[in-house]
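In what follows, every chain begins at residue 1, and chains take the letters A, B, ... in the order their sequences are listed. Keep in mind the model is a prediction, meaning the values are calculated, not measured.
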Amino acid sequence: MAESVETQAAHHEDAHGHHGEMSFVSKYVFSTDHKVIAMQYLFTGMAMALIGGFMAYAFRMQLAFPGEAVPGYGIVSAANYNALVTNHGTIMIFWVAMPVLIAAFGNFLIPLMCGCDDMVFPKINRLSYQIFLLSAVVLISSFFVEGGGFGGAWTAYPPLSAKAEYSLTKLGSSIWLVAVALEFIAFLLGGINFVTTAMNSRAPGMKLYDIPIVVWMIVVASILFMVSVGPLIAGAFMLLFDQTLGTQFYDPDGAGDPLLWQHLFWFFGHPEVYVVLLPALGIVAEVITTFSRKKLFAYRTVLYTTFGTGVLSFTVWAHHQFVAGIDPRMANIFTLTTLLISVPIAELCFVYIATLFGGSIRLTTPMLWALAFIAEFLIGGVTGIFLGASGSDIYLHDTYFVLAHFHYTFYPIAIIGTFAGITYWYPKMFGRMLNETLGKIHFWGSVISFNVIFIPLFVLGIAGQHRRIFDYRNFPELALPQYQDLRILATFALLVMLAFQVVFLYNFFMSLFKGEKAGNNPWKANTLEWTVPSPPPHGNFAEMPTVYRGPYEYSTPGRDEDYWPQNVPN
Amino acid sequence: MSESEHHHPNYVKIWAILVVLLVVSVLGPELGIRSVTLFTAFGIAIIKAYMVAKNFMHVSVEPRFVTYLLMTAVLFVVLFFAGTAPDVMNAEGTNWEKSSWLAAEASAPAEAENHH
Amino acid sequence: MIEHFLPAASSYAQDIDNLFTLIFTLVGFWLVLTEAVFIYLIVKFRKKDGQKAEYYTGEEKHLKRWITVPHFLVLICDIFILVGAVNVWYNVKQQLPEADEIVRVIGQQWAWTFVHAGPDGTIDTDDDIAIVDELHVKVGTTYHFKLEARDVLHSFSVPVFRLKQDAVPGRVITGWFKPTKVGEHDVQCAEICGIGHGLMAARIFIETPEEHAAWLAGQRPIALASANTPQRVED
Amino acid sequence: MRPIANTRSVTGIPTGRLAVWWIIVSEIVIFGGLLGSYVMYRLAHDSWANQAAHTNTMAGAFNTLVLLTSSLSAVLAHKAASEGDGKKAAKLLGATICGGAVFLTVKAFEWTHEISIGYTITSNTFWSFYYTAAGLHGLHVIAGMIIMGIVAKDAAKGRELHRVELIGLYWHFVDLVWIFLFPLLYIAK
């Protein structure tokens, strides 16, 4: 090191004073501060969630009342329907789950929890957000071009996605692809920052086993993303050339093979599930330990199962393609690996449940969300077994059973996990407490209506209803009135769920101004972010902290207080 | 700084070896023996890659985990290849065949003559 | 369980239903057990005044086994599911029984074409009968289907058979089914194939040999059978 | 101003270098996916040998030589920088940039010739891969040259000398990719 840490810190203080005079634009729009970037990601993600939610509203209304004009949207044509489901999926995964769970929480938490003043490369971090924002704008612009938005499902299987004469959305499909590619680049840049910061810049004394689980999980998720997305980036170039230049990478008439894209896509697509799952699991670990005042059960087991899951997640991708025309012998291998991956995930759930044993549980709003995550994710996990087993997947593939299954995993991840995180760290982010009553109303409304949406869809899936159909009246066996009633029930529950989000938005924005002042450590938690003022100042720590112990020393015997912050010497 | 810590080998000598290897890989196919060509093309590419990584990129003096990291990335590529090749690399398999590829291969010799 | 919603009309439909029931029983057991323990712990260990939480690291042997033992039990359940799944898969997709008859299934935007063997019982002859969106099969006969796609991916899905197979352009994929129950049912396209994906419905007619012969008698063979063979001539 | 976080080094590897290793890891899978796809298709289509016969082996070999030499000057620049000689490092980086420019010029002539005799990106999937893989690699060369120019400008004034090694690492990786592209696209016929 050319300069000692002390002189750096002195420089830093100068800079801090200087930053106080920054204009609004340089402070909130072009800031390199990790907390501001985290907020930018969070708000962009929330805005995109509203768009994605509106799309769900439009196509669910069409399914419940086919052919009738949807209030606020109009008639949903077949082309509209395809574009809506495609972009709903794309937005919810790439522009909501990823930016909120990895980028927003990663940006906010990693420097604070590791005891740094910022990310290691603040400017690259800002660039990452700017590219991400650009990608969101590009995606939204694809809805308004001639021919409309891309409608070939979020998996974008060629030849449908590759040729305009098949998809009828020449511009829409290319713009969609460019937007996704830009988003990948944004997250590659972000991921390098997260991984490097957590590896290299931890506070003195913070050993590998002293890192909070949520940081571990975000780092492992970033690594999974960086290692799995490469082939798809190459594949996206190939698909873009197929679309725009007329190459034949995926065209069987010209020595290509449409299945190559499916492999490239799912080699990324399956680890991607774990990319968003792991940060949510990390958030849940922080919340349940804090509110049950318990040490995390078997910290090292959690870590090892996380690594195991990460590695295994690269070996299971073709279970999405059992009936896609792959060689049937390969399906046996992928069934084996898929069933194997259920073991570490089950173990993680068991560990979290075991953490509650002997605890002193406080059912605050964040705790309710975290517990709901475990309860609902279990359902999502076990229904995956039906689909990972090749024999039953023959029937269930591409039915509403699949749809209900992955919403039972993605809803807990992207919605329940996110709300657990937002309600838990809101005091730290904004310096004020959320309203608990409103929080609980929002919680119960959202979780109950979520189950009422998707349990009927499991039933429809078992009854043989397949996906991405805009009007089931063309299929006599699916047009039966008892099934239509289930569709109407699911749509009704969706409306209820969307209505309850108003409660959250009201609570969120009112509490910014009227919430009770939070203080440094309202939850009496151990990790380093709770040792600084709420919201943390630029540079985070007035004095760079030293770490003396792991993050989950709650209710340690022989101490009066039931928590023991990481930075307190004894 | 740590840069001064590691020993700098004779880079020009390593470059000279790389150039010799390059000449061998270009001359190899002239013999017209398939196995020799494969070795001089890809065997030597691997040797060259190893030499560049070890001596120019100094992987050998980095902590061991960097090597593991790079090997893991390569391993995942191999994994992708292994899972994908049975479908993409073959023209036929268990209960399926690529009719368009088989038709194209059947007419390939005629096509090749057109180019000459 | 599935039969409650939809009849099982092929020789292997019952196997798939049984596999579904097996998985449902095993994972249902685990789900109910885990959720029950979970809710019990939440209720049991609610905050009580003046009582601190207990301190466990999770490395204590007598506690850790509450994780390790279930984890091995889950693994054992997985083995049962694996054996069942591979067994069903092998019989449905991998191992084809001898065919009595062959039917060619062609997907294109947005209709199914079914090429039935004519009265001579063999396909790719002059008396083939090609119809759009209607598949006529005899009960008790083992069929091979040759599945093709003309343009984009489609998926040949016959829910009453519990059968699904994607049709990939440039490929001919062979599968089999043996209808066991007379009736008329849906054939779906289960892979998004463009704007008309939701309109790509066909019907399957499972008939007795007599009915099938009567239907056959009323059909006229297509004029140029060769036009529908897979080796279509590229111009 | 660098944040304090940037000055720490828990792993023992300077932060910048650690980040470059991660960039290289993510690049390995990008090129790995593309070249893996190419190899699968290539092994399935014997007839592509007839197409590959029209690539110019000597141009490819010359370009390999150019990149190997530019790698040499990059590593010599790193050596100079680690000895604190920013001026020399900048000069050597300049030589590396020239190497990149020669590489791109040769490529430009090659492509012009091939396109003019009818081997365009759409004429055959071999040529699609040829242009896509070499093009993606060429983009990396261009990006490396630009960054190297910035680093060299700083290094000439004796600033940010540690970056000489970082851009060198990246450049060696670009060289490495070409070492595999050369036999895949030019030699295997």
Between [X] and [Y], is there a donor-acceptor pair closer than 3.5 Å when you use the side chain of the first and the backbone of the second?
X	Y	result
Gln109(C)	Tyr166(A)	yes
Asp471(A)	Gly198(C)	no
Glu347(A)	His71(C)	no

In terms of heavy-atom pairs under 4.5 Å with chain A, which of [options] leads?
options	value
Ala85(C), Pro70(C), Gly196(C)	Ala85(C)
Leu82(C), Asp17(C), Asn91(C)	Leu82(C)
Ile67(C), Leu75(C), Leu22(C), Val92(C)	Ile67(C)
Ala202(C), Cys189(C), Gly175(C)	Cys189(C)
Ile173(C), Val74(C), Leu31(C)	Leu31(C)
Leu63(C), Val37(C), Leu163(C)	Leu63(C)

Is [X] in contact with chain C via its backbone, its side chain, both, or neither, using a 4.5 Å heavy-atom distance?
X	result
Leu478(A)	both
Asp257(A)	side chain
Pro158(A)	backbone
Asp562(A)	both
Arg467(A)	backbone
Leu336(A)	both
Pro258(A)	side chain

query: NE2 of His397(A) to OG of Ser157(C): how many Å apart, nearest 0.5 Å?
result: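 Between His397(A) NE2 and Ser157(C) OG, I get 9.5 Å after rounding to 0.5 Å.
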task: Output the distance between atom OG (Ser167(A)) and atom CD1 (Ile195(C)), rounded to the nearest 0.5 Å.
output: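 One finds 8.0 Å between OG of Ser167(A) and CD1 of Ile195(C).
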Could you tell me which portion of [X] (side chain, backbone, both or neither) has an atom closer than 4.5 angstrom to a non-hydrogen atom of chain A?
X	value
Leu19(C)	side chain
Thr57(C)	both
Tyr40(C)	neither
Lys44(C)	neither
Arg46(C)	both
Cys77(C)	neither

field: For chain C, the option from Asn474(A), Ile379(A), Ile353(A) that forms the most heavy-atom pairs under 4.5 Å
entry: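 Highest number of heavy-atom pairs under 4.5 Å: Ile353(A).
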- request: Between chain C and each of Asp251(A), Ile374(A), Thr169(A), Thr155(A), count heavy-atom pairs under 4.5 Å; write down the option with the most.
  value: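 Of Asp251(A), Ile374(A), Thr169(A), Thr155(A), Ile374(A) has the most heavy-atom pairs under 4.5 Å with chain C.
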query: Looking only at heavy atoms, which two atoms of Asp560(A) and Lys52(C) are closest? And how far apart?
result: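 In terms of heavy atoms, the two residues are closest at O-NZ, 4.1 Å.
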query: Looking at Ser360(A) and Ala53(C), what are the two nearest heavy atoms and their distance?
result: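 So the minimum-distance heavy-atom pair works out to N-CB, 3.7 Å.
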Any heavy-atom pair between the side chains of [Y] and [X] that's under 4.5 Å?
X	Y	answer
Leu356(A)	Ile42(C)	yes
Val27(C)	Phe386(A)	yes
Glu184(C)	Pro476(A)	no
Val88(C)	Ser392(A)	no

Trace of the side-chain contact (heavy atoms from CB on, under 4.5 Å) decision for His185(C) with Glu477(A): CA-CA 7 Å; His185(C) 299 287; Glu477(A) 279 166 6; 2.7 Å; yes
message: Assess, by modelled atom type and distance only, whether the side chains of Ser292(A) and Lys47(C) contain a donor and an acceptor separated by less than 3.5 Å.
response: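 Not at all, the side chains of Ser292(A) and Lys47(C) share no donor-acceptor pair under 3.5 Å.
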- prompt: Between the side chains of Asp78(C) and Ser342(A), does any donor sit under 3.5 Å from an acceptor?
  reply: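 A pair is found: one side chain offers a donor N or O, the other an acceptor, under 3.5 Å apart.
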Taking the six-membered ring for Trp, are the ring centroids of [X] and [Y] within less than 6.0 Å of each other?
X	Y	answer
Phe20(C)	Tyr395(A)	no
Tyr56(C)	Phe297(A)	no
Trp89(C)	Phe322(A)	yes

Are more than 12 heavy atoms, taken from residues, nucleotides or ligands other than [X], located less than 6.0 Å from that residue's [atom1] atom?
X	atom1	answer
Trp66(C)	CH2	no
Lys48(C)	NZ	yes
Phe24(C)	CZ	no
Glu98(C)	CD	no

- request: I would like to know whether Phe350(A) and Thr34(C) meet side-chain contact (heavy atoms from CB on, under 4.5 Å); could you show each step before the answer?
  value: CA-CA 8 Å; Phe350(A) 292 156; Thr34(C) 319; 4.0 Å; yes
message: Between Lys164(C) and Asp393(A), does any NZ, NE, NH1 or NH2 come within less than 4.0 Å of an OD or OE carboxylate oxygen?
response: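 Between Lys164(C) and Asp393(A) there is no salt bridge, as every charged N stays at least 4.0 Å from the carboxylate O atoms.
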Step-by-step salt bridge (charged side-chain N to carboxylate O under 4.0 Å, His left out) determination, Asp151(C) to Lys163(A): CA-CA 10 Å; Asp151(C) 34 42; Lys163(A) 283 196 180 173; over 6 Å; no
message: Working note: Ile394(A) + Lys93(C), criterion side-chain contact (heavy atoms from CB on, under 4.5 Å); need CA distance, chi angles, decisive distance, verdict.
response: CA-CA 9 Å; Ile394(A) 301 171; Lys93(C) 291 283 183 187; 3.9 Å; yes
field: salt bridge (charged side-chain N to carboxylate O under 4.0 Å, His left out) partners for Arg559(A), two or more places apart
entry: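 Listed in chain order: Glu561(A).
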- prompt: What residue among Glu191(C), Gln188(C), His197(C) forms side chain to side chain donor-acceptor pair (under 3.5 Å) with His466(A)?
  reply: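 One option only clears the test, and that one is Gln188(C).
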Pairs meeting criterion side-chain hydrogen bond (donor to acceptor under 3.5 Å, both in side chains) with involvement of residues 325-340 of chain A, two or more places apart: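 Pairs touching residues 325-340 of chain A that pass the test: His319(A)-Thr338(A), Asp327(A)-Arg329(A), Asp327(A)-Thr94(B), Asp327(A)-Trp96(B), Arg329(A)-Thr94(B), Asn332(A)-Gln94(C), Thr335(A)-Ser390(A).
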- prompt: Phe475(A) pairs by side chain to side chain contact (heavy atoms under 4.5 Å, CB included) with which of Leu199(C), Val187(C), Asp186(C)?
  reply: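 Looking at Leu199(C), Val187(C), Asp186(C), the match for Phe475(A) under the side chain to side chain contact (heavy atoms under 4.5 Å, CB included) is Asp186(C).
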message: Among residues at least two apart in sequence or on other chains, which ones pass side chain to side chain donor-acceptor pair (under 3.5 Å) with Lys295(A)?
response: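 With neighbours one apart ignored, the set is Glu553(A).
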- request: Taking heavy atoms only and a threshold strictly under 4.5 Å, list by residue number the residues of residues 2-15 of chain C that touch chain A; give 'none' if the list is empty.
  value: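 Within residues 2-15 of chain C, the residues that come under 4.5 Å of chain A (heavy atoms only) are Ile2(C), Phe5(C), Leu6(C).
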